[in-house]
2 protein chains.
Amino acid sequence: MSRGGKREGAGRPKGAGPYGEETKPVRIPVSQVDRVLRFVRNREYALPLFACRVSAGFPSPADDYLEGSLDLNEHLVREPAATFFVRARGDSMIGAGIHDGDLLVVDRSTKAKNGSVVIASVNGELSVKRYLCSNGQVRLVPENPAYQPISLNEDDDARLWGVVTSVVHRL
Amino acid sequence: MSRGGKREGAGRPKGAGPYGEETKPVRIPVSQVDRVLRFVRNREYALPLFACRVSAGFPSPADDYLEGSLDLNEHLVREPAATFFVRARGDSMIGAGIHDGDLLVVDRSTKAKNGSVVIASVNGELSVKRYLCSNGQVRLVPENPAYQPISLNEDDDARLWGVVTSVVHRL
DNA sequence: TATTTTGAAAACTGTTACATATTTCAAAAA
DNA sequence: TTTTTGAAATATGTAACAGTTTTCAAAATA
């Protein structure tokens, strides 16, 4: 009459769901539910990151060379609401690894420190420069000997737009 | 005695939460809860892209300088399932804009063309090189005069791991 | 009259609870 | 030996709940 019955190991095993893991309910705004489900189910953009010091077979997800997984958005954008992109022109910052046409990730929420690479407009001219400050004197310095540094005076109409956090160079 | 009381428009208005919208519980794997909450709260990784040729006030979303909006994942990763990341070591590809420590986006689904920058292992040694093919002869060429090109022979144990599509340089 | 304090009302939020739904495996049947 | 079956155990979507937060007019105060 009875089949199966109480016994060790009976029933659906733990972690047999699609995630192989426990779940917990989280409140999501209704308009974003679909987007979030796609995000979670596909884990689309969390891609493997491999270490490059390799001598033998490489790279396979089973390897020790796997450093983890990475999402470019999360890795490169700290605060989405304060971040924008600019395309760089010219080679005045070649020494900082910024090439003509590169995409710059600019964060407006972090304050420029001495030595930061910044987007600044001076007297209506926009540029990417290294921000140096000494003795109260602010200088915007290109990273290419063919260009001249700019020293900011009080009557200059200067404004910092943000700090460049990453450079994306397409091949 | 009683204050407030039942009346039209009493109480907290609808949509007064941080999302300005109704929420609903969705089951999320515990290990991804944090990632999902960040994803939902930050809302958008589709960030504004500005043109850099600018003379006056810049940049504001209302400006004409806005080229559009960009999602780094979508922009840099054509096929998530065939993409991985590698961290570059050394300066052998400095001429291609690849610096020590840069993050390389590698696509395994596109075939290397003549001139592509590729990740290749030759006799167990992994490297980033430019792939050149002429008269059936394959060469892996560094972009730094201090390094020697590698010509592939038939008895070399060589394998192409993928084509480098982008370089991410952090400042 | 003008300003401040108060508290009921209504929505928000994280979590628990629950009613299916699925999955598994050994016993029963073929 | 193979197929069928059903109790057991977990998964899943959502309602419900208890506690929190916010709002606004009435009450109290100046």
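Every chain is numbered from 1 and lettered A, B, ... according to where its sequence line falls, protein lines coming before strand lines.
Each of A:Ala16 and B:Pro13 was matched to the nucleotide of DNA chain C holding its nearest heavy atom; the match closer to the 5' end belongs to B:Pro13. The residue among B:Val26 and A:Gly17 whose nearest nucleotide of DNA chain D is located toward the 5' end is A:Gly17.
As a whole-Å value, the separation of A:Glu22 CD from D:dT12 P is 11 Å. Straight-line distance from the CD atom of B:Glu21 to the P atom of C:dT13: 11 Å, rounded to whole Å. Atom NZ in B:Lys14 sits about 18 Å away from atom P in C:dA9, given to the nearest Å. Between the CZ atom of A:Arg12 and the P atom of C:dC25 there is a distance of 12 Å, rounded to whole Å. For the pair A:Ile28 CD1 and D:dT12 P, the interatomic distance rounds to 16 Å; values are reported in whole Å. The distance between atom CG of A:Leu37 and atom C1' of D:dG13, rounded to the nearest whole Å, is 11 Å. Atom-to-atom, NZ of A:Lys24 to C1' of C:dC18 comes out at 19 Å; the value is rounded to the nearest Å. Taking atom OH on A:Tyr19 and atom P on D:dA11, their separation rounds to 13 Å, with Å as the unit.
For B:Pro25, taking side-chain heavy atoms from C-beta onward, the closest of the listed nucleotides D:dT12, C:dT22, D:dA15 is D:dA15. Distances from the side chain of A:Arg27 to the nucleotides D:dA16, C:dA21, C:dA11 place D:dA16 closest.
Annotation: A:Glu22, atom CD; neighbour count of heavy atoms from other residues, nucleotides and ligands within 6.0 Å does not exceed 12.
What you find for B:Pro25 and A:Pro25 is that their closest heavy atoms are CB-CB, 4.1 Å. Of all the heavy atoms in B:His169 and A:Ala96, the pair that sits closest is NE2-O, 3.2 Å. Residues A:Ala88 and A:Ile98 share a closest heavy-atom pair of CB-CG2, 3.8 Å.
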